[in-house]
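Before any comments, here is the structure.
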Amino acid sequence: MKKEIPKAYNPQEVEDEIYKKWEESGMFNPDNLGLSESAEKFVISMPPPNATGVLHLGHASMLAYQDLMVRYNRMQGKNTLWLPGTDHASIATQTKVEKIIAEEGQTKYDLGREKFLERVNEYVENSQNTIKNQTRKMGSSCDWERERYTLDDGLSRAVREVFAKMYNDELIYRGDRIVNWCPRCESTLADDEVEHKDQKANLYYFKYNKDFPITIATTRPETKLGDTAVAVNPKDKRYKKYIGQVFEIDLGNGIHKIKIIADREVEMEFGTGALGVTPAHSMTDWEMAEKNDLEKIKIIGEDGKMNASAGKDYAGLTVLEAREKFVKYLDKNKLIEKVEEVDQALSVCYRCGASIEPLPSKQWFVAVDKKITIEGNKYFQNKSLKEVALEVVNKIDEKEKDKIEIIPDRFAKTYHNWMENLHDWCISRQIWFGHRVPVWYKKELGANLKFQNNIHVGKETPEEKYNKAVLLHAWGSGPEEAFFPWLKEEFESRGIEVIVPNLPNPENPDFNKWLEEFEKIETDAKTIVIGRSLGATLALGSASRGKNFGNLVAACTPLENEEISEFFEQMGELDFVKIKNNIKQYSVIHSSNDPYIKLEISEKLSRELDVELIVVENADHFSGESYKEILKACDVWIQDPDTLDTWFSSGLWTFSTLLDQNHKKYETFEDWIANSPDLKRFHPTSVMETGYDILFFWIARMILMTTYTLGEIPFENVYLHGMVRDKQGRKMSKSLGNGIDPIEMIEKYGTDALRLSMIIGSSPGNDLKLYEEKIEGYRNFVNKFWNVSRYILMSVDKVPHPTSPKRGGVPMAKTLADKWILEHLENLKRHTTYSLKTYNFSFAFESEFGIRDFMWDKFADWYLEISKIQEKNDAILIYVLENLLKLCHPFIPFVTEQIWQEMGKEKLLMVEKWPEFEGKENEACLTQINLDFELLMGIITEIRRVKNENGISLKEKVDIVIKSETRKDLTQADFDIIAENRNIIENLAGVKSLKFETGAEKLDDWIQFEARVFGFVNVGDLIDTEKEAKRIEKEIEETEKYIKQLKGKLDNKQFVQNAPAQIVEKEKQKLSESESKIKNLQEKLKSLL
RNA sequence: GGGCGAUUAGCUCAGUUGGCUAGAGCACCUCGUUUACACCGAGGGGGUCGGGGGUUCGAAUCCCUCAUCGCCCACCA
């Protein structure tokens, strides 16, 4: 063919084009692979990258491993699907956008829920595009036609359906319990979203008052304002007498009853052995309070500030301010005994790092311990979610085929341990971005609602315009001018008195005074107070805790006048007076996305609701219809304002992505599941490949949700990769400035090089160190491969197609070198296949019989050099190259495909068939051929060495004598091999004439190669005899030592008796080889001196 | 406090059920402008396998212990 091909591989020039070719071929989509129905499947659900920011090395490594598996399996002829997508990542994304708008000087309350969500969606769309393009850059062969996003219409319905199903099975419930609260995110967190940070803290020893008999110790004095008990160990003699007694204390926020209780959990050695119990603000204390029926006083609000219950001295202060103030108070009253520095594990939010406040709150939970039976579900027969999740995963050393196998299996232990200790999962989040909890509350008019807190006041309150409006809550948005005065008029025209109370001065709010005004309003049931949505920069928060503000109506949002008018007409139909008299609060949201009006209730308020609730399985039930229908259907429908934990939707990922996205065809969930073709074809997925850091967050959730919903495991295997770190093993982070940008590396070294640098040296479950020199090294490998191909394509006359002449597909080998390279190629096929099958990716490439060694050392450095000397065998060159390209393709798809195209192939390498081989895949199969060839290599290397060490140029031709003095040396067959391949030795080692001398009587004893070669080569007079003699002396010395060792071993009766016969035999052989070697060395030494 | 992992050449790592005089790549030293490749070729040096103890004929590999580093879990307030 003799082609002109660039001297160096330039990835930048070809990668994009190749990717385009792949994508346009349609072969990423399994439907186009032309496979039969019965073809084995291979499916990976791509762990959806967060819809935030850009692709980092973690994603890049994940894509490299997955694409490797996917390409390998596709070439194996499997029905291969790699389904890509993105995750909305509620808290992470929301936090990110909040930061962005903060730079513009705004908060989410300024924008309101809708405008804010618009901003989020805008942001998401943008970063999704970035991620998608970068995923392509990595060469990912995923099916873009099946791309999904967790907020897609179909996936969202799946979320609602599963929620409803679980609710009906009583696996989802609403409970008023202590939860982890992040004051920064203003949301609850699941237990595993809380991180612990070690830090020093002061442990204060003090008494509540002078008369109190017990000194307590705490690191959080401010919480003592909510104490209702002191716990001691029942065995503690010091306090035994007090157990059961009740003391009254006053810390400035009213009289508290403190009961002395006994609890075995209390450590006698820590502090004073007495623990002040704060039920509302400590997980431990909460449990004690439950057991002992204690009062729970909530003194810290959702905003992280002290509330009214903490007393007027503390209300409105941050926790830290309150702590300082309270310590001062204790100090002033001489109640502090001592202060000690202790180590403490501070709970912080895994997203924003803010300190977590445990708070009691009404939230939605998934019951993990409730046993249920589901018809047609083989797992759930009187079993709990937790039990099933434990049951379907193989333990270490357990290898049941229909169970999930975790690789590496040590993580199975971690999984089981974690799952066993799982508590009910709190799934509601006070985040705006995400799947809204699909629960609508049917408000029975007349129920008593309690207004909570969360009155937000913005500085920009247009006091002049509207006579000081009250802002009731923060969502909704829009031009107040559009509706506010009009709304007031509407009420008044209906004979309702409207009062718009004064706002507290935002600069210096006197909340108590302001609250008093509200108290007054409450007494007048005919009064309505109109609120208006506005940004909240200042929150009243805890100061208003527990207050009933009476009949408040908040109307938010950008309603047009006519709409408002229409709305109130409807309200009239519903007996507006009745509503007025009974509904304490509601708000009206008009969404620009939806054609209907929803009736909603303020965010925080809803948690205080105690109303009948109705779960609506499919919100689309309402869509397309006007709010009239809603209003007709029931009195008032209020959707829960919270959204679901992002892991709730990701937990469905393997199957929600495979459900028919044209979901409106299906009326019921069961119908949808049963009739989605992709779900039938591709679920359960084959491998879940992801980082070990989300084993609990995600893997565990998928197992829970999928076994429950489908009665099927979500995946057969879990392959966990490690984290990418820098050369020192540190995490890559912006603050350290040690991050590597994958895109920058791709531009510099090419995608293939980057992929290899992440695949090599990585093993399941272990972290990977990555640095630029490493990537550079694999760039060199890629270039070497390029040049090997270049040489072959330039020197071969034409690419035979198919390869011929052939013998079972393998071309005829003429020479020893031919046979040798073919033997090793067969071995490489076995080795690569076995390694990939067993997930030993790095091993496939880097080990003794791996790809690197074959391509660079055996093929390029030996075979190609020999092919320049011997009669050229085009068929073999092409055969080896083609096979090597196929074997390497999953690792380095771009360069291999490019070479394949240079060869003039019509079909894409991507869909070529994986090389076949005979024999066992996990055994190296090397024969006499290999030993013979190694003899040649050994002789050549020895001649080169001697020449090199004696300053003789490799090019300079010398005379060489190969001697064999003893009968255990070279056999006649060996001499035949050497003679046959004499020209190779002469060319590669620079030899003028090659002579043999043998003193052996019999040459048929077979012995190992090292002994045969070492010391035979004699280059005569050309060497520095003194230097060479020294070297040989040293060698003799070492060999003698070795012989002594071997003899000692063989003289040991126990060794001969106990060791397996073949081992003993091996040792004997080694001994005879060494003895022979030493004789040769001595002989040589003699001839030198 | 509990659990897991790591510790092998200057660096990054192999070393699969215990059995080649412990290997590779990079770096290093010497030599080399042979039309595939200097992103290369030839040759070479370099390790008490973290320390100590044990099991065994035999240990980098199995057991115990100590040390250092890293990670995960946990309500010592």
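These numbers were taken from a predicted model, which means no experiment stands behind them. So you know, we letter chains A, B, ... as the sequences are listed, proteins then strands, and number each from 1.
Using P as the reference atom, B:A14 and B:G25 are 16 Å apart when rounded to the nearest Å. The gap from the P atom of B:A59 to that of B:G18 amounts to 13 Å, rounded to the nearest Å. Comparing B:U65 with B:C29, their P atoms are spaced 46 Å from each other, to the whole Å. Rounded to whole Å, the separation between the P atoms of B:G46 and B:G3 comes to 43 Å. The P atoms of B:A27 and B:C39 are separated by 11 Å, rounded to the nearest whole Å. One P atom belongs to B:G53, the other to B:C72, and the distance between them is 35 Å to the nearest Å. Nucleotides B:G70 and B:U8 are separated by 15 Å at their P atoms, to the nearest Å. Look at the P atom in both B:C31 and B:U68: the space between them is 47 Å, to the nearest Å.
Put simply, CE on A:M268 is 16 Å from C1' on B:A77, counting in whole angstrom units. Computed from coordinates, the A:K1049 NZ to B:A59 C1' distance equals 11 Å when rounded to whole Å. For the pair A:M283 CE and B:A77 C1', the computed distance is 14 Å after rounding to whole Å. In this entry the distance linking NZ of A:K784 with C1' of B:G41 reads 7 Å, nearest Å.
By the neighbour-count criterion of 12 heavy atoms within 6.0 Å, atom NZ of A:K235 is sparsely surrounded, having that number or fewer from other residues, nucleotides or ligands. Counting heavy atoms of neighbouring residues, nucleotides and ligands inside a 6.0 Å radius, atom NZ of A:K1066 does not exceed 12 of them.
The base of B:A36 sits with one of its N or O atoms less than 3.5 Å from a complementary donor or acceptor on the side chain of A:E865. Interface remark: the A:K868 side chain does form a donor-acceptor pair with the B:A36 base, using a distance-only criterion of under 3.5 Å.
The pair A:E949-A:K947 does not count as a salt bridge, with every side-chain nitrogen at least 4.0 angstrom from each carboxylate oxygen. Here A:K769 does not pair with A:D767 in a salt bridge; the nearest charged N to carboxylate O distance is not below 4.0 Å. Salt-bridge check for A:E986 with A:K957: failed, with every basic side-chain N at 4.0 Å or more from each acidic carboxylate O.
Summarising the base pairing, B:C26 is matched to B:G10 through a Watson-Crick or G-U wobble pair whose two defining distances lie under 3.5 Å.
Counting any heavy atom pair closer than 4.0 Å across all strands shown, A:A231 reaches no nucleic acid atom. Using a 4.0 Å heavy-atom cutoff across all strands shown, A:R779 reaches at least one base atom of the nucleic acid.
The ring of A:F894 has its center no closer than 6.0 angstrom to the ring center of A:Y9.
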Just the table, please: protein N/O against nucleotides 8-13 of chain B N/O, every pair under 3.5 Å.
{"residue": "B:C11", "atom": "O2'", "partner": "A:K727", "partner atom": "NZ", "Å": "3.3"}
{"residue": "B:U12", "atom": "O4'", "partner": "A:Y771", "partner atom": "OH", "Å": "3.1"}
{"residue": "B:C13", "atom": "OP2", "partner": "A:K769", "partner atom": "NZ", "Å": "3.0"}

Derivation of the ring-ring contact (aromatic ring centres under 6.0 Å, His included) call for A:F696 and A:F411 = CA-CA 11 Å; A:F696 307 137; A:F411 280 100; 8.7 Å; no
